[in-house]
Amino acid sequence: MTILKSSEHINVNQENEKINLDRYNFVTSSPLVTKEISVVVDFLTDEITGDTIAYGSWYDIEADECIELLEKLEPWEIKRDFTSILEKYK
């Protein structure tokens with residue numbers, strides 16, 4: 001079962017670099033392993049990326065897996081509307 005653990009909205013200028021993204025942190029648990037998954041929706045580059053920590057290692061995950069997780073979010077869990085970014089991946 002995968003649940004949303006936390007989310008954050010980041011919109012800052014840091015060392016002359018603009019950052020504008022939403023991060024969604026998920027946790028998946030099974031009797032053998034717990035995975036932590038981070039999905040980032042970048043509003044500057046219109047990209048969706050993600051990574052996971054599982055089995056003691058860090059891995060990038062494919063965009064389709066990221067999108068699958070984002071589509072499971074309830075409306076109140078979504079920080080900002082990202083449907084236009086999702087459409088670019090379909």
*Taking the side chain as C-beta and beyond, is there a heavy-atom pair between Cys66 and Thr49 under 4.5 Å?*
no

*Transitively linked via ILVMFWY side-chain contacts under 4.5 Å: Phe26 with Val33?*
no

*For the atom pair OG (Ser7) and CZ (Arg23), what is the distance rounded to the nearest 0.5 Å?*
11.0 Å

*Can you find a heavy atom in the side chain of Leu70 that is under 4.5 Å from one in the side chain of Ile48?*
yes

*How about Glu71: does its CD atom have over 12 heavy atoms from other parts shown lying under 6.0 Å from it?*
yes

*asked:* To the nearest 0.5 Å, what is the distance between CH2 on Trp58 and CD1 on Ile53?
replied: 9.0 Å

*Heavy-atom distance under 4.5 Å between the side chains of Thr2 and Val27, does that happen here?*
no

*Calculate, to the nearest 0.5 Å, the distance between atoms OG and CE belonging to Ser29 and Met1 respectively.*
10.0 Å

_So, taking the atom named NE2 in His9 and the one named CZ in Phe43, what distance separates them when rounded to the nearest 0.5 Å?_
8.5 Å

_Greater than 12 external heavy atoms within 6.0 Å of Glu74's CD_ = yes

*Decide yes or no for Tyr55 and Leu32: does some side-chain heavy atom of the first lie under 4.5 Å from some side-chain heavy atom of the second?*
no

*asked:* Whether the Asn11 and Arg80 side chains hold a donor-acceptor pair (N or O, under 3.5 Å, no angle test) is what I'd like checked.
replied: no

*Does Tyr24 reach the side chain of Leu69, with side-chain heavy atoms less than 4.5 Å apart?*
no

*Under 3.5 Å, side chain of Thr52 to main-chain N/O of Glu36, donor-acceptor pair present?*
yes

*With side chains defined as the heavy atoms from C-beta onward, is the minimum distance between Tyr59 and Asp51 less than 4.5 Å?*
no

_Distance (rounded to the nearest 0.5 Å) between Glu47 CD and Leu21 CG_ = 11.5 Å

*asked:* Let me check something: do Leu4 and Val41 share a hydrophobic cluster, defined by ILVMFWY side-chain heavy atoms less than 4.5 Å apart, either directly or through other members?
replied: yes

*asked:* Hydrophobic clustering (ILVMFWY, side-chain heavy atoms < 4.5 Å, transitive) - are Leu73 and Leu86 grouped together?
replied: yes

*asked:* Rounded at 0.5 Å granularity, tell me how far CG in Asn16 sits from NZ in Lys18.
replied: 12.5 Å

_Out of the candidates Asp46, Thr45, Asp42, only one should pair with Ile85 under the side-chain contact (heavy atoms from CB on, under 4.5 Å) rule; please name it._
Asp46

*Just wondering, do Ile37 and Thr28 contact through their side chains at under 4.5 Å, heavy atoms?*
yes

_Do Ile10 and Val39 sit in one hydrophobic cluster, given that two such residues count as connected whenever their side-chain heavy atoms are within less than 4.5 Å of each other, even indirectly?_
no

*Side chains of Glu8 and Asp22: closer than 4.5 Å at any heavy-atom pair?*
no

*asked:* Let's go through Ser6 and Asn25 carefully: what are the C-alpha distance in whole Å and the side-chain angles of both, what is the deciding distance for side-chain hydrogen bond (donor to acceptor under 3.5 Å, both in side chains) to 0.1 Å, and is it a yes or a no?
replied: CA-CA 5 Å; Ser6 65; Asn25 301 305; 3.1 Å; yes

